[in-house]
Amino acid sequence: MARIVGGIATSHVPAAAGAIAREQTDDPYWKPFFDAYPPARAWLAEVQPDLAIVLYNDHGLNFFLDTLPTFAVGAAPAYHNADEGWGIPVIPPFKGDPNVSWHLIERLIDEEFDLATCQEMVVDHGFTVPMQLLWPDHSHAGVSCVPVCVNALRHPLPSPRRCFKLGRALGRAVASYPDDRKVVVIGTGGLSHQLDGARAGFINPEFDRLCLDKIVDDPDDLLDLSIHDLVRLAGAQGVEFILWLAMRGALSGRVTRRHVAYHVPASNTAAGLLVLDHDP
Ligand code: DHB
Ligand code: FE
């Protein structure tokens with residue numbers, strides 16, 4: 001039987017991939033950001049997942065404004081990245097698990113999530129940066145991936161509650177997979193940031209701290225927020241917190257916080273990291 005061993009939420013700042021490529025992770029600017037990750041890696045070494053479901057938002061690499069599904073699930077044997085224009089390198093591909101992908105897709109569509117299904121899918125920094133942070137030097141070889149892409153780019157976006165429910169349905173889908181898998185669910189993006197417009201540079205530590213707290217023990221308290229509440233409180237790109245809520249939704253058993261970190265700023269972003277144990 002497959003079971004979810006835990007969840008991780010992390011920012012996906014593309015400049016971090018540039019810092020890794022240029023070996024600047026110990027530079028004074030980047031060190032406090034990268035110092036957050038060794039405890040998450042130690043936890044992964046402890047729980048030994050063999051599958052990662054990565055809930056992320058594409059920023060225009062695989063989907064663009066012309067065709068933008070609300071929810072899309074990868075069912076490819078491998079996932080490549082590509083030059084996105086951030087100056088971050090193309091890296092070796094990530095291994096897929098099409099059997100698990102199709103099981104999840106079938107269960108989610110049964111539960112009335114009308115998905116786009118992608119037998120080919122390139123993954124952008126929303127996927128690759130967290131994978132690089134959690135499994136440096138491509139050490140993810142033993143871990144297969146299922147990318148689950150949620151639109152956080154072009155309005156209308158799915159609500160916090162809808163994303164949490166997507167996570168709940170994913171959790172049930174994992175629990176009904178007949179073969180053994182130890183699954184970690186990863187949600188990427190956030191915390192508060194805004195990259196453009198009159199409020200470019202907006203960061204809201206007070207709201208971020210509230211989210212880091214509530215999402216562990218009281219996520220229901222965050223589900224009445226509208227997307228426009230999130231834009232106001234977390235910034236236009238801080239809406240990526242819906243991916244954290246989707247991750248949290250997948251953990252329906254007993255949840256224990258194992259690690260938390262918060263650092264401002266990493267590039268334009270209030271960078272957050274949260275590691276949660278899950279006892280189904
Ligand atoms: C930045 C953050 C993001 O989430 C993103 O997708 C792109 C850039 C930043 O802080 O620079
Ligand atoms: Fe982003």
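Just follow the structure's listing: the first ligand is 1, and inside any ligand the first atom is 1.
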Verdict with reasoning, E240 to H59, per side-chain hydrogen bond (donor to acceptor under 3.5 Å, both in side chains): CA-CA 11 Å; E240 291 173 345; H59 303 70; 3.1 Å; yes

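Annotation: the span from L273 atom CG to F33 atom CZ amounts to 8.5 Å, rounded to 0.5 Å. Taking CD1 of I88 as the reference point, atom CD of Q132 lies at 7.0 Å (rounded to 0.5 Å).
In this structure, R181 does not pair ionically with D50, as no charged nitrogen and carboxylate oxygen lie closer than 4.0 Å.
Between the side chains of T128 and Y79, no donor-acceptor pair is found at a separation under 3.5 Å. Between N151 and T70, the side chains place no donor N or O within less than 3.5 Å of an acceptor N or O (distance only, hydrogens not considered). For the residue pair T269 and H12, no side-chain donor N or O sits within less than 3.5 Å of a side-chain acceptor on the partner.
Atoms of ligand 1 found under 4.0 Å from any heavy atom of T269 (numbered from 1 in listed order, with element): 1 (C), 2 (C), 9 (C), 10 (O). Contact atoms of ligand 1 toward H125: 5 (C), 6 (O), 7 (C) (distance under 4.0 Å to a heavy atom of the residue). Interface of H193 with ligand 1, defined as ligand atoms under 4.0 Å from a residue heavy atom, comprises 2 (C), 3 (C), 4 (O). Within the listing of ligand 1, atoms 4 (O), 6 (O) sit less than 4.0 angstrom from a heavy atom of E240. Those atoms of ligand 1 that come under 4.0 Å of a heavy atom in S267, given as number and element, are 9 (C), 10 (O), 11 (O).
Not a single donor-acceptor pair under 3.5 Å links the side chain of E106 to the backbone N or O of H103.
For the pair R232 and F202, the cation-pi criterion (under 6.0 Å, within 45° of the ring axis) is not fulfilled.
Remark: distances from the non-hydrogen atoms of Q237 to ligand 1 are all 4.0 Å or more.
If you check which protein heavy atom lies closest to atom 1 (C) of ligand 1, you get P14 CD, 3.6 Å.
Aromatic ring pairs are classed by plane angle as parallel below 30°, tilted from 30° to 60° and perpendicular above 60°; the pair W244 and F241 is tilted.
Within the 4.0 Å heavy-atom criterion, the part of H59 lying near ligand 1 is the side chain and not the backbone.
Considering backbone and side-chain atoms together, W86 places no N or O closer than 3.5 Å to any N or O of ligand 1.
Screening the protein for N, O or S atoms under 2.8 Å from the Fe ion (ligand 2) yields 3; no waters enter the count.
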